[in-house]
Enquirer: 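Have a look at this one before I ask anything.
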Protein chains: 2
Amino acid sequence: MSCNKILKQTGHRLTPQRRLILDLIHDAHTHVGAEEIFDYVQARAPGVNKSTIYRTLKLLEQMGCVFKSEHDDRIIYHHAEEGHHHHLICRSCGKSYECEEALFSPVQRAIEEKYGFWVEFRHMVLSGLCSECRGRK
Amino acid sequence: MSCNKILKQTGHRLTPQRRLILDLIHDAHTHVGAEEIFDYVQARAPGVNKSTIYRTLKLLEQMGCVFKSEHDDRIIYHHAEEGHHHHLICRSCGKSYECEEALFSPVQRAIEEKYGFWVEFRHMVLSGLCSECRGRK
DNA sequence: TTTCATGCAAATGATTTGCATAGTC
DNA sequence: GACTATGCAAATCATTTGCATGAAA
């Protein structure tokens with residue numbers, strides 16, 4: 001279900017500010033921080049306040065429309081799409097890639113077998129080296 | 001190599017404050033936050049300032065003696081031991097378990113094959129349900 | 001006795017909140 | 001028109017910093 005619908009169904013309103021924030025998070029191919037979201041929104045709707053950004057992000061996170069994570073001492077957000085996935089961020093060039101979630105099923109099972117613990121792998125942000133940066137090294 | 005040695009070898013001093021912080025992080029079976037570390041240190045050495053805690057934690061992190069992570073909007077620290085491992089935190093009871101690092105080798109290889117990306121799985125903090133809480137449910 | 005580390009207090013930066021007003025449903 | 005969302009400004013919270021003093025090596 002789309003975020004717009006979720007908002008309406010939960011009695012929230014679809015304001016231009018919220019639309020912009022959703023647009024950015026949805027279209028962004030990389031993860032974005034509060035500051036970047038603010039700049040983006042500010043650019044098309046001058047006057048929007050930073051507290052609105054934070055309030056909206058918190059709301060969207062609660063609705064499950066958006067995921068919040070932490071990487072490299074930065075808080076970042078990304079859209080919670082149907083097909084969940086993880087994020088691979090290259091620590092050398094900074095580029096970000098998506099990683100299919102299914103690849104983690106074997107570990108999930110292995111951990112379950114060994115510890116009885118059921119890990120909920122959701123929207124992980126993983127650090128490492130992308131193919132280009134590994135070759136260049 | 002022990003943290004004490006690392007400190008000395010890099011020209012840093014082994015003060016009572018640092019000793020206490022190292023003790024706690026080393027002995028703690030759970031991860032600890034700055035506030036808890038402060039309380040612990042404060043209890044045995046009243047007068048120690050919070051900025052000392054933060055400065056020490058940053059130093060230890062830089063030396064690679066300590067790992068900093070984020071879980072549930074909290075910044076937590078844990079000791080970086082020889083045999084690295086991951087952390088499983090139950091979102092129901094809050095208990096924390098250690099998870100052998102080797103279990104992730106298959107995913108690491110799978111991701112490498114599929115995307116050419118080499119993930120550095122280090123001291124991950126994973127959320128989920130422990131065996132007890134799953135049974136109880 | 002030379003540095004490095006600490007305590008203190010003030011600064012910072014990100015995020016949150018109260019309240020009156022404006023906008024959506 | 002009712003009720004939620006916003007802008008603004010002030011508050012909060014964690015973390016950082018400058019500086020004079022104190023303690024390791």
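The sequence lines fix the lettering, A, B, ..., with proteins before strands; numbering per chain opens at 1.
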Enquirer: To the nearest Å, how far apart are A/L60 CG and C/dT15 C1'?
Expert: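 Roughly 16 Å, once rounded to whole Å.
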
Enquirer: Quickly work out the A/F38 CZ to C/dT15 C1' distance and round it to whole Å.
Expert: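 In whole Å, C/dT15 C1' lies 13 Å from A/F38 CZ.
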
Enquirer: Counting any heavy atom closer than 4.0 Å, what does B/E35 reach on the DNA or RNA strands: base, sugar-phosphate only, or nothing?
Expert: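 B/E35: no heavy atom of the nucleic acid under 4.0 Å.
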
Enquirer: A/Q17 CD to C/dA22 C1': how many Å, rounded?
Expert: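 From A/Q17 CD to C/dA22 C1': 10 Å.
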
Enquirer: Just how far, in rounded Å, is P of C/dT15 from CD of A/E61?
Expert: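 These atoms are roughly 12 Å apart.
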
Enquirer: Please determine if a side-chain N or O atom of A/T15 lies less than 4.0 Å away from the OP1 or OP2 oxygen of C/dG23.
Expert: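 So the side-chain polar atoms of A/T15 never come under 4.0 Å of the phosphate oxygens OP1 or OP2 of C/dG23.
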
Enquirer: Categorize B/R55 for me: base, sugar-phosphate, or nothing, with a 4.0 angstrom heavy-atom threshold over every strand shown.
Expert: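 Base contact.
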
Enquirer: For A/R18 and B/K68, find the nucleotide of DNA chain D closest to each by heavy atoms; which residue's nucleotide sits nearer the 5' end?
Expert: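 Whichever sits nearer the 5' end wins; that is A/R18.
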
Enquirer: Under 3.5 Å, is there a donor-acceptor pair between the side chain of A/Q108 and the main chain of A/V119?
Expert: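 It does hold such a pair.
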
Enquirer: For A/Q9 and C/dC25, what is the distance between atoms CD and C1' respectively, to the nearest whole Å?
Expert: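 One finds 15 Å between C1' of C/dC25 and CD of A/Q9, rounded.
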
Enquirer: Test B/H78 against every option in B/H26, B/H123, B/H31 by the ring-ring contact (aromatic ring centres under 6.0 Å, His included) rule and name the one that passes.
Expert: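 Option passing the ring-ring contact (aromatic ring centres under 6.0 Å, His included) with B/H78: B/H123.
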
Enquirer: What is the distance from NE2 of A/H12 to P of C/dT24, rounded to the nearest Å?
Expert: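 To the nearest whole Å, that distance equals 16 Å.
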
Enquirer: Between A/N4 and A/S2, does a side chain to side chain donor-acceptor pair (under 3.5 Å) hold up when you go through it step by step?
Expert: CA-CA 5 Å; A/N4 303 13; A/S2 83; 4.6 Å; no

Enquirer: Hey, which sits more toward the 5' end of DNA chain D by its nearest nucleotide, B/K8 or B/S51?
Expert: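 Result of the comparison: B/S51.
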
Enquirer: What is the distance from CG of B/N49 to C1' of C/dA10, rounded to the nearest Å?
Expert: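 To the nearest whole Å, that distance equals 12 Å.
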
Enquirer: Can the ring centres of B/H87 and B/Y97 be said to be less than 6.0 Å apart?
Expert: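 That pair fails the under 6.0 Å test.
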
Enquirer: For a quick test of reading the model: is some side-chain N or O of A/K58 closer than 4.0 Å to OP1 or OP2 of C/dT16?
Expert: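 Result: yes.
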
Enquirer: Check if the side chain of A/R19 and the base of C/dG23 share a donor-acceptor pair of N or O atoms closer than 3.5 Å.
Expert: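 No pair found.
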
Enquirer: Looking only at N and O atoms, is any donor in the side chain of A/R13 or the base of C/dC25 less than 3.5 Å from an acceptor on the other one?
Expert: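 Such a pair does not exist between side chain and base.
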
Enquirer: Do A/T52 side-chain atoms and A/V48 backbone N/O form a donor-acceptor pair below 3.5 Å?
Expert: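 Side chain of A/T52 to backbone of A/V48, a donor-acceptor pair under 3.5 Å: no, none is there.
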
Enquirer: Please give, in whole Å, the distance from D/dT15 P to B/I37 CD1?
Expert: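 B/I37 atom CD1 is separated from D/dT15 atom P by 10 Å.
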
